[in-house]
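For reference, the structure discussed in these notes is given below.
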Amino acid sequence: MSVRVRFAPSPTGPLHIGGVRTALFNYLFAKKHGGTFYLRIEDTDQTRFVPGAEAYIFEALEWLGIAPDETVGKNEKFGPYRQSERKAMYQQYADQLIHSGWAYYAFDSAESLDAMRKEAEANGKTFIYNHSVREQLDNSLTVSREKVAERIAAGEQYVIRFKTPVNEILELKDIIRGDIKFDTNLLDDKVLFKSDGMPTYHLANIVDDHLMETSHVIRGEEWLPSLPLHVLLYKAFGWNAPEFAHLPLILKPIGNGKLSKRDGDKMGFPVFPLEWKTDEGTSSGYRENGFFPEAVINFLALLGWNDGTEQEIFSLEELVEKFDLNRIHKAGAKFDPEKNKWFNHQYLIGKSDVSLAESFKVILDKKRISTALDLTKVVSLIKERANFVTEFWDLADYFFEAPTTYDEKAAKNWKEETPALMQQVISELNKMEDFTSANIETLLKEWMTANEIGMGKIMQPLRLSLVGALKGPHLFDIIEMIGKAETVKRIEKAIASL
């Protein structure tokens, strides 16, 4: 069988970064084996549908460079790719299970089931709708076939439940977790078809995976408890089951448990690939926070997987080449927001100064700042200090605008003799014809040495005059960039101000 894997999100809100990793691992596995990665929208629960969520999913995967080969409106070989548009086909499969004895009609009201749950709780027990109680409840196992037909014809509401086998030990295999055993006596009889005429996730998922010829199901660990039901459904239909691989959880940076939006809000990092806006507010996204899509792909790939080496920076092509489900860990992977910034830094410094200058120009244009300076040169001087292009302005504002204030702590370096020394610096600068960084540095240092002036007495006040703080790249590079006239003007302003 050729490899066909899927990502099957529900459009109930923005795509969580954990969902993105699931999509990525499916994509990598498909490409590694020359297979197909498809996306199916699982929207059978219309009560949880959120407008805009579906478009968000597609936009996020497109931005990340892992768009599906088949999906809604694209190469619909096994379409439709929205479950809500496949609604008509699920009834026949539910009926098939009824006729083969693998499922039954249940007429129990929500009120009666709730009462039984409360009664069980009062007795210190847990109510489970399974083999232990199903033959005492209001379903087609306890009512004649004729009576069932009458009740359905009369419009009485019902659900269709799976009839879980009794006294079986299911010995199942997971690519990541190995051999797993489940006791069927501990399973409940899940609802497969709801009273509103829509299938539940379990039925629709299995039917669609089969009809769409899914070879491997790679999904999150939270679906592991559903594995026995899904394997039993394949058996009930007489279909070959795909291979399963359940991915480890992405864990909170601090403490225990699964990474959540609350963690991001609390610690100030995104948990969504793109920004998400609602009436209640805006949730930040990795794209809007200045992350490169390649960096997001890279750090997500290493959450639970490695290639067995010390390598940390991988292109998408390298990930495809090296990806192996057998190298995914069972244990959860800690999310590290600071390390994620490091990844983005690696990609930033690896980009050409020309492309970074183009991105910086967009920022300057928004600030309505025009300049004759060589932005490529500016970028080359500051990029080692940046994790994001969005930080360029704070790292380089002094190249374009003279400081209007001076850092108070740094201003303590401005002593009583400093104004006179800065006037001498101006005189030395004005003598220079070759106004390049190397020449300025050589001549000023020779002057300081000849006059026995300590470096600290000149360098720190000079930087403060030009930058407004003790920050920035090589001082003489700054002087060359802004030019002699602007350098002198800023020193004179600092003398007057400080």
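Excluded from the calculations below are hydrogen atoms, water molecules and symmetry mates; all remaining heavy atoms, backbone and side chain alike, are included. In this chain, numbering begins with 1 at the start of the sequence shown. Everything numeric here is computed off the predicted structure, so don't read it as measured data.
P273 and V20 get closest at one heavy-atom pair: CG-CG2, 3.9 Å. Nearest heavy atom pair, residue A204 against residue Q83, reads CB-NE2, 3.5 Å. I250 approaches G18 most closely through the heavy-atom pair CD1-CA, 3.7 Å. In this structure, P242 and T214 approach most closely via the heavy-atom pair CB-O, 3.5 Å. Between M481 and L373, the closest heavy-atom pair is O-CD2, 3.1 Å. Closest heavy-atom contact between D307 and R327: C-NE, 3.4 Å.
Contact check on K322 versus E318 returns no salt bridge, with no Lys/Arg side-chain nitrogen under 4.0 Å from an Asp/Glu carboxylate oxygen. Taking the charged nitrogens against the carboxylate oxygens, D43 and R82 have no contact shorter than 4.0 Å, which rules out a salt bridge. A salt bridge does not link E391 with R385: every distance from a Lys NZ or Arg NE/NH1/NH2 to an Asp or Glu carboxylate oxygen is 4.0 Å or more. Residues E492 and K489 are not paired through a salt bridge, judged by the lack of any N-O separation under 4.0 Å between the basic side chain and the carboxylate. The existence of a salt bridge linking R287 and E59 is confirmed by a sub-4.0 Å separation between a basic side-chain nitrogen and an acidic carboxylate oxygen. At a threshold of 4.0 Å, the pair E312-K339 counts as salt-bridged, since one of the basic side-chain nitrogens sits closer than that to a carboxylate oxygen.
Distance check: D209 CG to H216 NE2 gives 12.5 Å after rounding to the nearest 0.5 Å. Atoms CG and CG, from D336 and L302 in turn, are 11.5 Å apart once rounded to the nearest 0.5 Å. Distance check: L28 CG to I66 CD1 gives 7.5 Å after rounding to the nearest 0.5 Å. Atom OG1 of T449 sits about 8.0 Å away from atom CE of M455, to the nearest 0.5 Å. The line from NZ of K277 to CG of D279 is 12.0 Å long, rounded to the nearest 0.5 Å. Atoms OH and CH2, from Y347 and W342 in turn, are 9.0 Å apart once rounded to the nearest 0.5 Å.
A heavy-atom distance below 4.5 Å is not found between the side chains of F244 and L172. Taking 4.5 Å as the limit, every side-chain heavy atom of Y398 sits out of range of all side-chain heavy atoms of I482. No side-chain heavy atom of F269 sits less than 4.5 Å from a side-chain heavy atom of K341. The shortest distance between side-chain heavy atoms of I176 and E221 does not fall below 4.5 Å. Side-chain contact between N344 and N340 is absent, with no heavy atoms from C-beta onward closer than 4.5 Å. Between N205 and R40 there is a side-chain heavy-atom pair separated by less than 4.5 Å. Using a 4.5 Å heavy-atom threshold, the side chains of L274 and P14 count as separate. Under the 4.5 Å side-chain criterion, counting only non-hydrogen atoms from C-beta, L211 is in contact with R86.
Classified by interplanar angle (parallel below 30°, tilted 30° to 60°, perpendicular above 60°), the ring pair W393/F400 is parallel. Classification of the W223-Y201 ring pair by plane angle, with boundaries at 30° and 60°, yields parallel. Under the 30°/60° scheme for interplanar angles, the aromatic rings of H210 and W239 are found to lie parallel.
More than 12 heavy-atom neighbours from other residues, nucleotides or ligands sit within 6.0 angstrom of NZ on K32. Taking a 6.0 Å sphere around CG of D434, one finds it holds more than 12 heavy atoms contributed by other residues, nucleotides or ligands. Within a 6.0 Å sphere centred on CD of E62, other residues, nucleotides and ligands contribute 12 heavy atoms or fewer. Atom NZ of K266 has 12 or fewer neighbouring heavy atoms from other residues, nucleotides or ligands inside a 6.0 Å radius.
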Under the criterion ring-ring contact (aromatic ring centres under 6.0 Å, His included), I'd like the reasoning laid out for W305 against F25: C-alpha separation, chi angles, the key distance, then a yes or no.
CA-CA 9 Å; W305 172 88; F25 282 10; 7.4 Å; no
Taking it one step at a time, do E358 and K361 satisfy salt bridge (Lys or Arg N to Asp or Glu O under 4.0 Å)?
CA-CA 5 Å; E358 290 172 356; K361 188 175 186 308; over 6 Å; no
Run the side-chain contact (heavy atoms from CB on, under 4.5 Å) test on R6 and Y81 for me, step by step, so that the C-alpha distance in whole Å, both residues' side-chain angles and the decisive distance to 0.1 Å come before the verdict.
CA-CA 11 Å; R6 48 72 168 175; Y81 283 74; over 6 Å; no
Going through the distances and angles, do N306 and H329 end up as a side-chain hydrogen bond (donor to acceptor under 3.5 Å, both in side chains)?
CA-CA 9 Å; N306 68 59; H329 315 299; 3.1 Å; yes
Run the numbers on K457 and K415 for side-chain contact (heavy atoms from CB on, under 4.5 Å), then give the verdict.
CA-CA 8 Å; K457 290 185 177 182; K415 307 296 185 182; over 6 Å; no
Residues Y56, F272; criterion ring-ring contact (aromatic ring centres under 6.0 Å, His included); working and verdict
CA-CA 10 Å; Y56 179 99; F272 303 127; 7.1 Å; no
Give the intermediate values and the outcome of side-chain contact (heavy atoms from CB on, under 4.5 Å) for residues H345 and E384.
CA-CA 8 Å; H345 175 73; E384 287 289 345; 4.2 Å; yes
Let's go through I491 and L429 carefully: what are the C-alpha distance in whole Å and the side-chain angles of both, what is the deciding distance for side-chain contact (heavy atoms from CB on, under 4.5 Å) to 0.1 Å, and is it a yes or a no?
CA-CA 11 Å; I491 297 172; L429 292 173; 4.0 Å; yes
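Listed for the N75 side chain is a donor-acceptor partner under 3.5 Å among the backbone atoms of D69. Side-chain atoms of K258 never come within 3.5 Å of backbone atoms of L249 as a donor-acceptor pair (strictly under, hydrogens ignored). No side-chain donor-acceptor contact under 3.5 Å links N451 to the backbone of I453. Formation of a donor-acceptor pair under 3.5 Å by the T71 side chain with backbone atoms of K74 is not found in this model. In this structure, D407 contributes its side chain and L470 its backbone to no donor-acceptor pair below 3.5 Å. The backbone N or O of T12 lies less than 3.5 Å from no partner atom in the side chain of S10, so there is not a single donor-acceptor pair. A donor-acceptor pair under 3.5 Å links the side-chain atoms of S215 to the main chain of R4, judged by distance alone. Between the side chain of D263 and the backbone N or O of S260, at least one donor-acceptor pair lies under 3.5 Å. Of the possible polar contacts, none joining the K31 side chain to the V320 backbone as a donor-acceptor pair under 3.5 Å is found. Listed for the Q311 side chain is a donor-acceptor partner under 3.5 Å among the backbone atoms of I313.
The ring of Y38 has its center no closer than 6.0 angstrom to the ring center of F78. Annotation: Y234 is not in aromatic contact with H230 [ring centroid separation under 6.0 Å not met]. Ring pair F399/F360: centre-to-centre distance not below 6.0 Å.
With sequence neighbours left out, the side-chain contact (heavy atoms from CB on, under 4.5 Å) criterion links D477 to L381, S437, H474.
Both tests hold for K351 against F292: distance to the six-membered ring centre under 6.0 Å, angle to the ring axis within 45°.
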